[in-house]
Amino acid sequence: MILSSLAQRTNFAGPEGLSITAFRITALAGGVGAARFLRGLTMATRDDEVTVIGNTGDDSVMHGLHISPDLDIVSYTLAGIVDDAGWGISGDTTNALEQMGRYGIETWFTLKDRDIGTHMARTHLLAEGLTLTEVTDRIRTSLGIGAQIIPMSNDPVRTKILTAGGEVREFQEYFVKLRHSDVVAGVEFDGAATSTPAPGVLEAIESAEMIIISPSNPVLSIGPILSVPGIRQAIARRRDDVVAISPIIAGSALKGPAATLLPVVGAEATAAGVAGLYRDICGTMVLDKADAARAEQVEALGMKVLVTQTIMHTPADAKQLAKEILDL
Ligand code: GDP
Ligand code: CA
């Protein structure tokens, strides 16, 4: 009782607090690739017209703290405080982690001091009874971010990796501790079947003039979002207004295991393979110049194609890419 009254008193933007009339562009987002693009998008348009639906399949509890890596990467990047690595806070220190190490605690998941402050706040507010939507909104407004950032679901949906050796791995164990070195036999989203989209998610999809699927890992970052019942169907109804940017360029990912995971879900490890996974929900595919020769293969799936420079070395590159997409 006390918990719910606190949530009311602090009056966070809940389902009814999210003003849907301002939504013009809705973007699905994983971590680093998405965040880079979104920084450009918010430079190319009014940031208060952008709503980000973030992946929470990577969420986990570490040292008792609720970590939402992809939501934080997007928030820190849009706030202009992200570290050069693409995650964490610029100039942060590792005192807490070093101290934990002295007690023999495993420290393979790098959590720096200020970043830990975010996770402590999130864990504390969740324990007070706030939803992840409310906590995420508190973080983004406190960091001065104009774009809306909403988790895909407030229910726990957890990505699990099934290895060829028959093991089931927690996502961060696979991704960070073992540096995605396992041969993967399958990917599962635990809890997805009984999850529901977070408040504002379906509204953001329905009311957007354009829906953008960021250049994120299709299996590990976009996959969990689409696994929440109702989200894939809602996006499919908007197919003509959906644009996806391929994270695969010339058959490789710029970072991470996206290319090796595509065959696990039956797709070719190319930009055309990504297009195939999105063909029911996406009308336009953005391919890198390096993949110009794949345009016909993607058009044969019934999709339009934009070929352009999609590698974002700088925020200016990201803004240019966003402008070209908005011009569609
Ligand atoms: P996470 O940061 O580990 O959560 O991973 P993401 O879901 O963001 O996926 C990383 C993907 O982003 C990889 O497949 C990269 O190839 C892709 N990516 C990263 N930077 C860029 C870029 O500048 N352009 C494009 N097209 N893709 C990118
Ligand atoms: Ca991620």
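Whatever order the structure lists them in is the order used to number ligands and atoms, beginning at 1.
K160 has no carboxylate O lying under 4.0 Å from a charged side-chain N of E188, or vice versa, which leaves the two without a salt bridge. The existence of a salt bridge linking D115 and K112 is excluded, since no basic side-chain nitrogen approaches an acidic carboxylate oxygen closer than 4.0 Å. Ion pairing between R122 and D72 holds under the 4.0 Å rule for side-chain N and carboxylate O.
Contact between S246 and ligand 1 is present, with at least one heavy atom of the residue lying under 4.0 Å from the ligand. Under a 4.0 Å heavy-atom criterion, W87 is not in contact with ligand 1.
For the residues G256, S252, S221, A318, the heavy atom positioned nearest atom 7 (O) of ligand 1 is part of S221. Counting only non-hydrogen atoms, the option in P69, P215, P257 that gets closest to atom 12 (O) of ligand 1 is P215.
In the vicinity of T310, heavy-atom distances shorter than 4.0 Å reach the ligand 1 atoms 22 (C), 23 (O), 24 (N), 25 (C), 26 (N). The atoms of ligand 1 that sit less than 4.0 Å from any heavy atom of D70 are 4 (O).
Only side-chain heavy atoms of F175 come within less than 4.0 Å of ligand 1; its backbone N, CA, C and O stay farther off.
In terms of N/O distances under 3.5 Å, ligand 1 is not approached by A253.
Side-chain atoms of T118 and Y76 include a donor-acceptor pair closer than 3.5 Å.
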